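Read through the structure below, which is laid out as structure tokens, and then see the notes.
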Amino acid sequence: MDRLAGILPDVEVATVAPLLAEIEALKQQRHAVVLAHNYMTPDIYHGAADLRGDSLALARQAQATEAEVIVMAGVHFMAETAKLLNPARTVLIPDPTAGCSLAESITGADVRLLRERYPGVPVVTYVNTSAEVKAESDICCTSSNAVKIVESLGVPRVIFLPDQYLGRWVASQTSVEVILWQGSCIVHERFSAGELRAWRAGYPGIRVIAHPECPPDVLAEADYVGSTSGMIDWVKQNRPARVVMVTECSMSDNVATEVPETDFVRPCNLCPHMKRITLAGIADSLRHLRHEVIIDPAVAERARLAVTRMLAVPT
Ligand code: 13P
Ligand code: SF4
């Protein structure tokens, strides 16, 4: 399998080759595309994906694709967003239990209560939420456009849901007042500023880049803060001698082969939800057209508005 040569050891390439060949054949047969988040393992990211990216890029690609079937190699909210943006397509997720601690931290009823508490204050919702929560929101955002989305509203304050750390990061980058919810990501909340300082002490000259879902003291120690694709682009553009990507494990594995001159220090904080997606699961999904993402039409209509409003903001 040419796409994996030099990325995985030869013995692993030989092991996954039959499954990858079957996935390719099924993609042709089903007129399907595989969209993969940057946290997928290298066999999926380099071997099975047709399109890759952060949440914003995946949403745009899902909206634009003419394929009849979209397989989302990512977590459930990403598959729901794809369905919202391209409702005529069949959207599949290999494992429907691939959730997200942020999406689980808030319900539609919570948003309605917040609106009662802060009448007239617009609700900006991170895409890492259910369609039900998006349906109660004015506009969505991702980690790569959150500041621009908040500022696009032209208001003095917003309710920002559900990631308290992304919300605090946004607040530090704008004069708009940000009312927070107490959600957090189980992967990024585990990093500590002390850990970052230890890497700097242990590896003089190391560049430290972080995802904005990390706590504020961690972000204060970073040389760059950005979405998963922002982090990948930063490494490709700056080509540092040594770097640590303060985010999920697979990111470094995926980008390392494209920047061979860079040494990656790799702390491994795994996202258990993302890791539910496997090559075998993708193959099974295509074989049996499962698990299809279905959204209640009344919810979908309102949730779609929040996502399309986000995509209409120039970034
Ligand atoms: P990105 O939009 O930066 O890819 O983030 C998605 C995510 O779930 C990060 O944990
Ligand atoms: Fe959710 Fe965090 Fe996993 Fe991203 S890394 S999907 S925010 S739990």
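Everything quoted here is computed from the prediction, not taken from an experiment. All ligand and atom numbering here is 1-based and tracks the order in the structure. Numbers here are sequence positions counted from 1.
- Near Ser55, meaning under 4.0 Å from one of its heavy atoms, ligand 1 places the atoms 1 (P), 2 (O), 4 (O), 5 (O), 6 (C).
- Within the structure, the closest approach of Glu213 to ligand 2 falls below 4.0 Å when heavy atoms are considered.
- Using modelled atom types and a 3.5 Å distance limit, the side chains of Tyr126 and Ser55 yield no donor-acceptor pair.
- In terms of modelled atom types and a separation under 3.5 Å, the side chain of Lys83 and the main chain of Thr90 share no donor-acceptor contact.
- Summary of contacts: the protein heavy atom closest to atom 2 (Fe) of ligand 2 is Cys185 SG, 2.3 Å.
- Defined by atom type and a distance below 3.5 Å, a donor-acceptor pair is present between the side-chain atoms of Thr142 and Ser144.
- For the pair Arg242 and Phe264, the NZ or CZ position fails the cation-pi test of under 6.0 Å to the six-membered ring centre and within 45 degrees of the ring normal.
- Gln164 places a side-chain N or O within 3.5 Å of a backbone atom of Gln182 that can act as its donor or acceptor partner.
- Ligand 1 lies nowhere less than 4.0 angstrom from a heavy atom belonging to Glu248.
- For Thr228, a nitrogen or oxygen atom sits less than 3.5 Å from a nitrogen or oxygen atom of ligand 1, counting backbone and side chain alike.
- Counting atoms of ligand 2 from 1 in the listed order, those under 4.0 Å from a heavy atom of Asn128 are 7 (S).
- Cysteines Cys100 and Cys185 have SG atoms no closer than 2.5 angstrom.
- Numbered from 1 in the order shown, with element, the atoms of ligand 1 that lie under 4.0 Å from a heavy atom of Asp54 read 1 (P), 2 (O), 4 (O).
- None of the N, O or S atoms belonging to Cys271 lies under 2.8 Å away from atom 2 (Fe) of ligand 2.
- Residues Ser229 and Asn38 bring a donor and an acceptor atom of their side chains to less than 3.5 Å of each other.
- Ionic pairing of Asp284 and Arg287 is present here: one or more N-O contacts between side-chain nitrogen and carboxylate oxygen are shorter than 4.0 angstrom.
- Residue contacts with ligand 1 do not include Met231, since none of its heavy atoms lies under 4.0 Å from the ligand.
- Not a single heavy atom of Thr142 sits under 4.0 Å from any atom of ligand 1.
- Checked by distance only, ligand 1 and Ser227 stay at 3.5 Å or farther apart across all their nitrogen or oxygen atoms.
- The protein heavy-atom contact nearest to atom 1 (Fe) of ligand 2 is Cys100 SG, 2.4 Å.
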